[in-house]
Amino acid sequence: MVRAYHKGNVAEDLRLTTLRILQTERLEDLSVRRLTREVRVAPANFYNHYDSLNTLLLEIAADCLEDFATTIGHIARRSPNRHDALKRTVTHYVEFACRHTQLYRVVFGYLTDSAQHSRYDAATQRTFDRLRALVEGEEFPRIESDETDPEPPARDTAHIGHCIFAMAHGLAGMIAHGHVNVPHENDTRIQDFVERIIDLFTHNPLTRRQTTACAFGH
């Protein structure tokens, strides 16, 4: 997520310092005064580059979302089928939250006026469009069989995309904040847990059980 460092570029220094702090400290520990002190510029100099701390954080969040969109595209192109791509995409999302918990908070929903920030808003839409393309199967060179990976109706793909995002967001928050007993330092455990959740979601055993129960009831 870290872009190239440019000597003497105060805006870049501020951004890199923010990323460094967020790796070891809380989002609430950030302030304009703290950042300018560490970069060794006057606090007033901050406002030559960013309107506010929130604007700086939204720029960082937009960078991360653009990387997410690109990563989803790479995953889709390198996966044999949609189901595998979905597992890898959600696992990437959860692992990011576990490794960069404070940055995850910045990227997903903890900033004010995010809808008014054009770059952040565009990056959000691009990321979701990538996810919806994955659901629709547009990235795959072949169409999977209906038995193993049926094509969803076109009118449902946006809803499915929202459902997947909500599930990934919920899993990421629960695991990153320790509400689910999955060790953060063990990527294999995270991957196994996420893949099991995705299998349950895509195979839909709850619906099958309800149908079976109704059949026996009659």
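Note that CG of L30 is 7.0 Å distant from CZ of R34, once rounded to the nearest 0.5 Å. Here the straight-line distance linking atom CD1 of I72 with atom CG of D67 works out to 11.0 Å at 0.5 Å rounding. Atom CZ of F193 is separated from atom CD1 of I198 by 10.5 Å, given to the nearest 0.5 angstrom. The OH atom of Y50 sits 6.0 Å away from the CG atom of L14 when rounded to the nearest 0.5 Å. Note that CD of Q102 is 13.0 Å distant from OG1 of T18, once rounded to the nearest 0.5 Å. For the atom pair CD1 (I164) and NE2 (H169), the distance works out to 15.5 Å, reported to the nearest 0.5 Å.
R126 pairs in a side chain to side chain contact (heavy atoms under 4.5 Å, CB included) with only one of the listed residues (T70, L65, D121), which is T70.
Looking only at distances, no side-chain donor or acceptor of N45 sits under 3.5 Å from a matching main-chain atom of T36. Side chain of Y120 to main chain of I60: no donor-acceptor pair is present (N/O by atom type, distance under 3.5 Å, no hydrogens or angles). Checked by atom type and distance alone, the side chain of R119 pairs as donor or acceptor with a backbone atom of E59 at under 3.5 Å. A donor-acceptor contact shorter than 3.5 Å links the side chain of D29 to the backbone of R26.
Under the side chain to side chain contact (heavy atoms under 4.5 Å, CB included) criterion, R20 pairs with T17, E38, not counting sequence neighbours.
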Check against side-chain hydrogen bond (donor to acceptor under 3.5 Å, both in side chains), T124 and T127
CA-CA 5 Å; T124 300; T127 302; over 6 Å; no

Evaluation steps, side-chain contact (heavy atoms from CB on, under 4.5 Å), between R130 and T71:
CA-CA 9 Å; R130 285 283 194 180; T71 298; over 6 Å; no

I'd like to know whether V32 forms a side-chain contact (heavy atoms from CB on, under 4.5 Å) with Y47, so could you lay out the CA-CA distance, the side-chain angles of the two residues, the decisive distance to 0.1 Å, and finally the verdict.
CA-CA 9 Å; V32 171; Y47 298 100; 3.6 Å; yes

Determine whether F46 and R33 satisfy the following criterion, side-chain contact (heavy atoms from CB on, under 4.5 Å), listing intermediate values before the conclusion.
CA-CA 9 Å; F46 178 95; R33 184 173 296 277; over 6 Å; no

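Between Y104 and H100, a ring centre-to-centre spacing not shorter than 6.0 Å is recorded.
Relative orientation of the F108 and Y93 rings is tilted, given thresholds of 30° and 60° on the angle between their planes.
Within a 6.0 Å radius of CG in N48, other residues, nucleotides and ligands contribute more than 12 heavy atoms.
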